[in-house]
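Down below is the structure, laid out as structure tokens.
In listed order, ligands and their atoms are each counted from 1. Just so you know, residue 1 is the first one in the sequence shown, and it goes up from there. No experiment lies behind these values; they were computed from the predicted model shown. We use all heavy atoms of the structure for the numbers below, so side chains are in, but hydrogens, waters and symmetry mates are not.
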Amino acid sequence: MQTLCLSERDNASIEQAARIIRAAGLVAFPTETVYGLGGNALDAAAVMKIFTAKERPVWDPLIVHLVSREMLEPLIANPPAQFDKLFAAFMPGPLTVVLLKSALIPDVVTAGRKSVAVRFPLHPVAQRLIAATGLPLAAPSANRFQRVSPTTAEHVLDDLDGRIDAILDGGSCPIGVESTVLDLTGDVPFILRKGAITLEQLQQALGEVVLADPDGVSYRHGGLPSPGMMSRHYAPRTKLLLVEGREKALAEKAQQVSKQKLGALLPSGWNISAATIFDWGQWRDWAKLASRLYAGLRCLDEQSLDVIIAPLPPEEGLGGAIRERLLKASGLEMDHSALFDC
Ligand code: TXA
Ligand code: MG
């Protein structure tokens, strides 16, 4: 199939994209976090196409994207009181919540779970597209399974050209890492994935909120809470080596591996010796670094390097979300010797 490239600037393009989705096709579209691959969430056959295009295993459930409270009501069982507080404080925005679903949501969307993840994107193109279809859109990140999420239309085409009906090009995604995922189905809300809405913000709105166990396994029901928590997610093909974020430690590590062809995701102004450097942005400017993280990993991954080296941000606001993504991208190949000396 040929993938149509549509510009979001054109109202006719939004209409055309909406027609494709209503006819059970797939359209990639920008959100404030990353590009999503959208299909009609109420049509099991359309949703199956998403799994096929991405080569995503069917046990990994999808997020349903909406534009209004009215759209949500028929899709879920009674939402807990916490949902109203979150809706008022953070929606639309980069927060996904997991709620008990109604029978309207096909099992393929939730991988057979009783819960469904829902999100109200803030990006105007995403909002216009959902409104034009009048449908809830199931949309995972628009990358091949286990690859780095796309933050530009080019990234989407690199992974999915010829596999989807169309892409709405809306430029770069401003946040650059996926939404925070918060599960509201238990006694205490817990974060399954870190993102731009932080633990502190959620605690301020709700009181007690906890982080799911970072290894993603020893969760209180003993199972895997969210398949996306598996390690080796968001991964470049090249080996990724992480060093706790300090210039000196990173430079020393670069020296140690200097026999290999080395690339670095390097904060501006830091000095290390590497064959290829991606100028990442000012260290501690987490918003900037998050927005350039996946572009940097994709860019370095194309340079036929042996190793990519990167500093790990501390658990500090959006730094924590970048840290989580880098750890997953590395398959947790952390240089522990450098971990505790900063
Ligand atoms: O920012 C985002 O969330 C982007 C944009 C496109 O909205 N979407 C995104 O979707 O990152 P995806 O499919 O790549 O990640 C969805 C995550 C996965 O980790 C999945 O396992 C989890 O949400 N998830 C979905 N439904 C769930 C459910 N019912 N219970 C627990 N986890 C769920
Ligand atoms: Mg994804």
Picking from Leu137, Val116, Ile105, Ile50, what satisfies side-chain contact (heavy atoms from CB on, under 4.5 Å) with Leu62?
-> Ile50
Salt bridge between [X] and [Y], side-chain N to carboxylate O under 4.0 Å?
X: Glu73; Y: Arg69; answer: yes
X: Asp158; Y: Arg144; answer: no
X: Arg292; Y: Asp285; answer: no

Can a non-hydrogen atom of [X] be found less than 4.0 Å from any atom of ligand 1?
X: Val98; result: yes
X: Arg56; result: yes
X: His65; result: yes

Connected via hydrophobic side-chain network under 4.5 Å: Ile14 and Met71 =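 Yes.
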Using a 4.0 Å heavy-atom cut-off, which part of [X] comes near ligand 1: side chain, backbone, both, or neither?
X: Leu62; value: backbone
X: Leu192; value: side chain
X: Arg113; value: side chain

Flag for Arg325-Ser149: side-chain donor and acceptor within less than 3.5 Å |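 Arg325 and Ser149 do not have a side-chain donor-acceptor pair below 3.5 Å.
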Kindly indicate, with the supporting measurements, whether the criterion side chain to side chain donor-acceptor pair (under 3.5 Å) is fulfilled by Asp169 and Ser7.
-> CA-CA 5 Å; Asp169 186 347; Ser7 163; over 6 Å; no
Between Ile63, Val177, Thr185, flag the one that comes closest to atom 16 (C) of ligand 1 by a heavy atom.
->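 Nearest heavy atom to atom 16 (C) of ligand 1 lies in Ile63.
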Regarding ligand 1, does [X] bring an N or O atom to under 3.5 Å of one of the ligand's N or O atoms?
X: Ser141; answer: yes
X: Thr33; answer: yes
X: Thr31; answer: no

